[in-house]
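Before any comments, here is the structure.
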Amino acid sequence: MRQHIIRWPGFGTQGLISEAISERVGLPNVVGFIDGTHIRLSQIPNDDTDYINCKGYPSIVLQLVVDDQLLITDCYVGWPGSTHDARVYHNSPLHDKLVRRDILGQDNFIIGDGAYPLSTSLMTPFRDTGRLTQPQKRYNRIVSSVRQSVERAIGHLKSRFRRLRDVYCSDVASVCDLIMSACVLHNLCILCDDGVNDYFEDPIINNVVNNYPAVYRDTAAGVSKRNNLVDLLSGQE
């Protein structure tokens, strides 16, 4: 059911998503939010230490893109836990589609955290070196506030389907199927307005496990686009 339930929004739907986000925070053309999360494994697959993340436990990386309603629009799973989020993204089918802008309406983009490379199709916050201007800080605050959608979606996913908190791993392919199935079920719950509050025992925070320096350079066009967004948001004050 994956191809029917987890689907990238068409251009018309992207317009509705971006309009809703723009009305809420003033940031135009946003159609999704990307992040990676670690699915803990009960043991190391095939004694391969690449699965050990920097927190010291074995995991598989799950990359998600969600919309403003927490609906998963793209997911990609299978890379070992030691892999940087940006490297997972760079090797995902989504990356090439976004770079070519095959699946994005004019000027549209998704938002990620500072682990991802800045481009015209993926906006990220400014790195705070203590020299940010007030408009740049305002941009960062707005990006951080709307990016919580993907963190909330990950929290909902792991609260509903608690097997994802510690997956028994005898075969990596089977674990990937299990994780993907949970993502499909998550979307069915969202589409059917099935509330998640009853499933929460405690808040689940999507802590960044592999918080390493950026591994890919920002593009010049991405830098220019982000600066234009800063100016736009500054003019709304």
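What you see is a predicted model, and the numbers here were worked out from it, not measured in a lab. If you read the sequence from its start, that first residue is 1, and numbering goes on from there.
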- Message: Do Ile111 and Val150 make a side-chain contact, defined as non-hydrogen atoms from C-beta onward lying under 4.5 Å apart?
- Response: no
- Nearest heavy atoms of Cys75 and Cys183, plus distance in Å: SG-CB, 4.3 Å
- Distance (rounded to the nearest 0.5 Å) between Leu64 CG and Ser149 OG: 12.5 Å
- How are the rings of His90 and His95 set to each other: parallel, tilted or perpendicular (split at 30° and 60°)? tilted
- Message: Could you tell me if the side chain of Ile17 sits less than 4.5 Å from the side chain of Gln69, heavy atoms only?
- Response: no
- Item | side-chain contact (heavy atoms from CB on, under 4.5 Å) evaluation trace for Tyr57 with His38 | CA-CA 10 Å; Tyr57 64 83; His38 289 258; 4.0 Å; yes
- Query: With side chains defined as the heavy atoms from C-beta onward, is the minimum distance between Leu185 and Leu188 less than 4.5 Å?
  - Reply: yes
- Between Ile21 and Ile190, is there a shared hydrophobic cluster once you connect ILVMFWY residues whose side-chain heavy atoms come closer than 4.5 Å? no
- Query: If you look at every heavy atom in Ala86 and Tyr216, which pair is closest and at what distance?
  - Reply: O-CE1, 3.5 Å
- Task: Go through Met123 and Leu118 one step at a time and tell me if the side-chain contact (heavy atoms from CB on, under 4.5 Å) criterion holds.
- Result: CA-CA 5 Å; Met123 290 286 106; Leu118 177 67; 3.6 Å; yes
- Full working for side-chain contact (heavy atoms from CB on, under 4.5 Å) between Asp67 and Val31: CA-CA 6 Å; Asp67 66 13; Val31 298; over 6 Å; no
- CZ of Arg87: more than 12 outside heavy atoms within 6.0 angstrom? no
- Item | Electrostatic pair Arg160:Asp194 at N-O distance under 4.0 angstrom | yes
- Spatial distance of atom OG (Ser18) from atom CD (Glu23) [nearest 0.5 Å]: 9.5 Å
- Message: Are the side chains of Asn53 and Pro80 in contact, using a 4.5 Å heavy-atom criterion?
- Response: no
- Message: Could you check whether atom CZ of Arg100 has more than 12 heavy atoms from other residues, nucleotides or ligands sitting under 6.0 Å from it?
- Response: yes
- Task: State whether the side chain of Ser92 and the backbone N or O of Tyr89 hold a donor-acceptor pair below 3.5 Å, judged by distance alone.
- Result: yes
- Message: Nearest 0.5 Å, please: how far is CG in Asn227 from OH in Tyr139?
- Response: 9.5 Å
- Message: Distance check, rounded to the nearest 0.5 Å: Ile179 atom CD1 versus Ile60 atom CD1?
- Response: 5.0 Å
- Query: Between the side chain of Lys225 and the main-chain N/O of Asp107, is any donor-acceptor distance below 3.5 Å?
  - Reply: yes
- Item | Inter-residue atom distance Phe33.CZ - Glu151.CD, 0.5 Å rounding | 11.0 Å
- Query: Are Ile110 and Leu71 connected in the hydrophobic side-chain network, where two residues link if heavy atoms are under 4.5 Å apart?
  - Reply: no
- Would you indicate whether the side-chain heavy atoms of Lys137 and Phe126 approach each other to under 4.5 Å? no
- Shortest non-hydrogen separation from Ser145 to Val25 and the atoms involved: OG-CG1, 4.3 Å
- Test item: Arg2 side-chain N/O and Met180 main-chain N/O as donor-acceptor pair under 3.5 Å: no
- Message: So does Asp48 get a backbone contact from the side chain of Asn46, meaning a donor-acceptor N/O pair under 3.5 Å?
- Response: no
- Could you tell me whether a side-chain N or O of Ser234 sits under 3.5 Å from a main-chain N or O of Val230, the two making a donor and an acceptor? no
- Item | Nearest atoms (heavy-atom pairs only) where Asp74 meets Ile6 | N-CG2, 4.0 Å
- Query: Which atoms form the tightest heavy-atom contact between Arg165 and Ser159, and what is the distance?
  - Reply: NH2-CA, 3.9 Å
- Message: Pair Val175, Ile39 - check side-chain contact (heavy atoms from CB on, under 4.5 Å), show working.
- Response: CA-CA 10 Å; Val175 170; Ile39 306 299; 5.5 Å; no
- Query: Does the side chain of Thr73 come within less than 4.5 Å of Arg7's, by heavy atoms?
  - Reply: no
- Check: Ile72 main-chain N/O paired with Asn187 side-chain donor or acceptor under 3.5 Å: yes
- Heavy atoms, side chains only, cut-off 4.5 Å: are Asp85 and Gln63 in contact? no
- Whether Arg147 side chain and Thr124 backbone form a donor-acceptor pair below 3.5 Å: no
- Answer yes if Val65 and Leu70 sit in the same cluster of Ile, Leu, Val, Met, Phe, Trp and Tyr residues linked by side chain heavy atoms under 4.5 Å apart, and no otherwise. no
- Item | Interatomic spacing from OG in Ser59 to CG in Asp166 - rounded to 0.5 Å | 11.0 Å
- Query: Under 4.5 Å between side-chain heavy atoms, hopping through other hydrophobics if needed: is there a path connecting Val66 to Leu191?
  - Reply: no
- Message: Is any side-chain heavy atom of Phe109 closer than 4.5 Å to one of Val30?
- Response: yes
- What are the two closest heavy atoms between Met1 and Val184, and how far apart are they? CB-CG1, 4.4 Å
- Item | ILVMFWY network linking Leu94 to Val99, side-chain heavy atoms under 4.5 angstrom | no
